[in-house]
Amino acid sequence: MSQPIELSLEQQFSIRTFETQVKDLTVDQAKDFLVQLYRQMMMREATYKQLLKHQWGIESGNPAG
């Protein structure tokens with residue numbers, strides 16, 4: 001993976017829209033938002049791990065895994 005990953009135009013637009021939405025948040029709003037965002041990232045990671053375990057057949061309770 002020597003090539004840097006580039007974002008699509010749609011993703012770049014989404015980032016710009018996000019910037020516009022959050023630019024006027026107060027510090028407390030921004031902190032709350034960051035905690036929520038981090039929680040969502042952790043849930044996504046856990047979901048990906050669970051899906052990979054299922055796909056690869058290494059789920060808990062499986063004698064092979």
Peer 1: Between atom OG1 of Thr26 and atom NZ of Lys31, what is the distance when rounded to the nearest 0.5 Å?
Peer 2: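 So the gap between those two atoms works out to 9.5 Å.
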Peer 1: Once rounded to the nearest 0.5 Å, what's the spacing between atom NZ of Lys49 and atom CZ of Arg44?
Peer 2: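 It comes to 14.5 Å.
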Peer 1: Taking CD in Gln11 as the centre, count heavy atoms belonging to other residues, nucleotides or ligands within less than 6.0 Å. Is the count above 12?
Peer 2: yes
Peer 1: Rounded to the nearest 0.5 Å, what separates atom CD in Glu10 from atom CD1 in Ile15?
Peer 2: 11.5 Å
Peer 1: Indicate, with yes or no, if Ile58 and Leu52 share a hydrophobic cluster defined by side-chain heavy-atom contacts under 4.5 Å among Ile, Leu, Val, Met, Phe, Trp and Tyr.
Peer 2: yes
Peer 1: Above 12 or not: heavy atoms from other molecules or residues under 6.0 Å from CG of Leu37?
Peer 2: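 Yes, the 6.0 Å shell around CG holds more than 12 heavy atoms from other groups.
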Peer 1: If you draw a 6.0 Å radius around CD in Glu19, do more than 12 non-hydrogen atoms from other residues or ligands fall strictly inside?
Peer 2: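 Yes, enclosed.
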Peer 1: Any side-chain to backbone donor/acceptor pair from Glu45 onto Met42? Under 3.5 Å, distance only.
Peer 2: no
Peer 1: Tell me whether Phe18 shares a hydrophobic cluster with Leu25, the cluster being built from Ile, Leu, Val, Met, Phe, Trp, Tyr side chains joined at under 4.5 Å.
Peer 2: yes
